[in-house]
Amino acid sequence: MKNSAALFALASSLFSPFASATPVATRDSSANPFQGKTLYLDPLYSSQVQAAVTTLQAEGKTDLAAKAAIVAEVPTFIWISQRSDVTKISPILYDAKSIQNSTGKAQAIQLVVYNLPDRDCSAGASAGENTIDNAGESRYEAFVRATYTEIQRVPEVQVIVVLEPDSIGNIITNLGNP
């Protein structure tokens, strides 16, 4: 875990040009990035919830199915938590751009970038694909750079990034696992 703080700083520095980039118009960094935007509804997520709605209806659980149908229309953050997920970003951005062009409503994509090496030293499933022992630092840097490159492909769409949400807490909780 000792290198996680340094890696988080590295990732933050790689995304800092993105945060201040002005590809379409000058952006006010103090402005609410959600204001005036329609949050992008991930079609994969929505279809998975809709499939659950169908199952619930077939089981006669109509009240729960109705509630789930509402949830299917709620935009969520899309997690980019392994290298293979990076290739999902461009298609999502182009889809959002298409929606934006056809509706005239500015879209905002919400991403969680989450692949810090040794991110949870005591975890099983959430430990991730990178460790410092398997060249995780350089693999992570490549992951962050690739994510940044994908985001830049469609500058017309606002992207809101939550970077490594567990990293600060894990720095404290995993001190016993250097």
- By side chain to side chain donor-acceptor pair (under 3.5 Å) - contacts of Gln50 (at least two apart): none
- Query: Who else is in the cluster with Leu64 when I, L, V, M, F, W and Y are joined by side-chain contacts under 4.5 Å?
  - Reply: Leu56
- Message: The criterion is side chain to side chain donor-acceptor pair (under 3.5 Å); which residues satisfy it with Ser102, sequence neighbours excluded?
- Response: none
- Message: Test: salt bridge (Lys or Arg N to Asp or Glu O under 4.0 Å). Region: residues 62-83. Which pairs qualify, not counting sequence neighbours?
- Response: Arg83-Glu129
- Item | Polar side-chain atom of Thr38 near backbone of Lys105 as donor-acceptor pair, under 3.5 Å | no
- Qualifying residues under side-chain contact (heavy atoms from CB on, under 4.5 Å), relative to Ala106, sequence neighbours excluded: Lys37, Gln100
- Item | Contact list for residues 78-107, test ring-ring contact (aromatic ring centres under 6.0 Å, His included), sequence neighbours left out | Trp79-Tyr114
- Using a side-chain heavy atom cutoff under 4.5 Å and only I, L, V, M, F, W and Y, what cluster partners does Val74 have? none
- Query: Which pairs, with at least one residue in residues 90-101 and sequence neighbours excluded, count as a salt bridge (Lys or Arg N to Asp or Glu O under 4.0 Å)?
  - Reply: Lys97-Glu156
- Those residues that, when tested against Glu150, pass side chain to side chain donor-acceptor pair (under 3.5 Å) (two or more places apart): Ser90, Arg153
- Sort and list the pairs that fulfil ring-ring contact (aromatic ring centres under 6.0 Å, His included) and have at least one residue in residues 34-75, not counting sequence neighbours. none
- Thr131 backbone acceptor or donor facing Asn134 side chain under 3.5 Å: yes
- In chain order, what residues pass the side-chain contact (heavy atoms from CB on, under 4.5 Å) check against Pro91, with sequence neighbours excluded? none
- Item | For Lys61, all residues meeting salt bridge (charged side-chain N to carboxylate O under 4.0 Å, His left out), sequence neighbours excluded | Glu59
